[in-house]
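Just below is one structure, and these are the notes that go with it.
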There are 2 protein chains.
Amino acid sequence: MGKCEQCIVREFSSLKALNKDELIKLAECKTSHTIKKGNPIFEEGDIVNGVYCITTGTCKLSKLSANGKDQIIKLVKAGELLGQRSMISDEPANLSAVALEDMEVCFIPKSEVLSMFDNNNQFSMNMMKTICGDLKDADEHMISISQKTVKERLAETLVYLQETFGKNEDGSLHIQLSREELAGMIGTATESCIRLLSDFNKIGLIGLIGKKIIIKDIAKLKRIADIV
Amino acid sequence: MGKCEQCIVREFSSLKALNKDELIKLAECKTSHTIKKGNPIFEEGDIVNGVYCITTGTCKLSKLSANGKDQIIKLVKAGELLGQRSMISDEPANLSAVALEDMEVCFIPKSEVLSMFDNNNQFSMNMMKTICGDLKDADEHMISISQKTVKERLAETLVYLQETFGKNEDGSLHIQLSREELAGMIGTATESCIRLLSDFNKIGLIGLIGKKIIIKDIAKLKRIADIV
DNA sequence: TTAATAATATGATAATTATCATATTATTTT
DNA sequence: AAAATAATATGATAATTATCATATTATTAA
């Protein structure tokens, strides 16, 4: 059982408000889990009786729609918490969380989170701020889907992926998404996504080496995305 | 200065957790305001140093995009609170709130809300749940925009408007939105929205009397919207 | 390694939606 | 009430995007 005190990722989430005693208590009740790439942490409809703290790896939060398309709502990375919304709302999960790479997560039971809410106002406030941030992001994502073209959204998403998850030594995007997943993020058909990537490749904005994507002209991508 | 104790709308928001003493204290620090139809309660970029409790009327939360289109994120009605997100995030408002009809609102200063957070856990929890609900709605709205056609979204929105805001004696939707605003809600061009309303009218799903919209076949609208 | 399967790519086409033009009808102002 | 303005309506067309078909290339399983 790892010590939460020595875990650096907690500094990046609401958990940073916890004091030494709270961290010791947390270390005793949390459970650690390994999730292999492609496997779910939880799925739509599951009762999520606590929150997951991501130690390593990244996952997608997505929802499968009637027509079989998987819309990706958000990517969640190490340091962030997962499942707060369902836990707080006392509702089954609205979205599925699936690992995009091998992950390590710690599960913190609901009773523990609620007791931290009671005893640590800063923790509650942090959690509220996080959820408010998610809400703002969701609103902006909505406007983006509604008012930007697929091309603009693809450009925007490529920039986001590089700036949020970085790149490998060869310059390619570190986070590995299939074309289908990328399409699911920007809300379009897989073929449309592939076609536009091809276009971006032809005009030298990006490079495509197998499934890898290398951003070559981020300034121009930003201009296309209209990120001012 | 009205007494919050005797105000029924508080029962419909997070404020329902407040006890008698808290309500008396609230009545002393709140300020009441009248907002005429079409006027803003706050605008994008404003610092919202508290929350508004809506006593009467409905407003739209929207964001003006670069191309001049006003995307409506959400309608907020009597009994609900307004401005929590900005207040909690300590950020300027991300959206504008504009009255769709004459409104009465009470402004509760931030200091008061924070003190209620500190002293009343149920209030904090209610507020969290509300924001989580908003987040869920935003996610679902996003998926709807991304995966449904304009026709499906229009049907969905008409059903929502009737079920949420009711209808007048003549059967027309009680909430009065211009075609432009309706288009802004479903994320399409005004002309497209008008054209589809025309189509719905021709096949008898709705009636159009001037600007008024009368839902004639809600079951079929639901089927089109794919609300199961 | 070879076969089987899945992912990526591209062409052809259809469907959806936006845009521009222009009526028509309301609403407001003078 | 008449003129001016704004909102609603509809046609014509262009642009965007989805869908279906079919290669081509990777990846996995046998």
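Hydrogens, waters and symmetry mates play no part in the numbers below; they use all other heavy atoms, side chains included. Order of the sequence lines fixes the chain letters, A, B, ..., with proteins taken first and strands second; residue numbering starts at 1 for each chain.
With B:Ile145 as the partner, the side chain to side chain contact (heavy atoms under 4.5 Å, CB included) test is satisfied by one option alone out of B:Met142, B:His141, B:Gln147: B:His141.
Residue pairs meeting the salt bridge (charged side-chain N to carboxylate O under 4.0 Å, His left out) criterion with at least one member in residues 46-68 of chain B, sequence neighbours excluded, are A:Glu140-B:Lys63, B:Lys60-B:Asp70, B:Lys60-B:Glu181.
Judged purely by atom type and a 3.5 angstrom limit, B:Asp102 uses its side chain to pair as donor or acceptor with the backbone of B:Lys37.
Remark: C1' of C:dT27 and NZ of B:Lys212 are 15 Å apart, rounded to the nearest angstrom.
The partner of C:dA15 is D:dT16, by the rule that a Watson-Crick or G-U pair needs both atom distances under 3.5 Å. Base pairing of D:dT25: its partner is C:dA6, meeting the Watson-Crick or G-U wobble criterion (both donor-acceptor distances under 3.5 Å).
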Next item on the list: If a protein heavy atom is under 4.0 Å from the base, mark B; if only from the sugar-phosphate, S; if neither, -; do that for nucleotides 7-18 of chain C going 5' to 3'.
Entry: SSBBBB----SB
Table please: side-chain donor-acceptor pairs of residues 194-204 of chain B below 3.5 Å, with sequence neighbours left out.
none

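Rounding to the nearest 0.5 Å places CE of B:Met185 at 9.5 Å from CD of B:Gln71.
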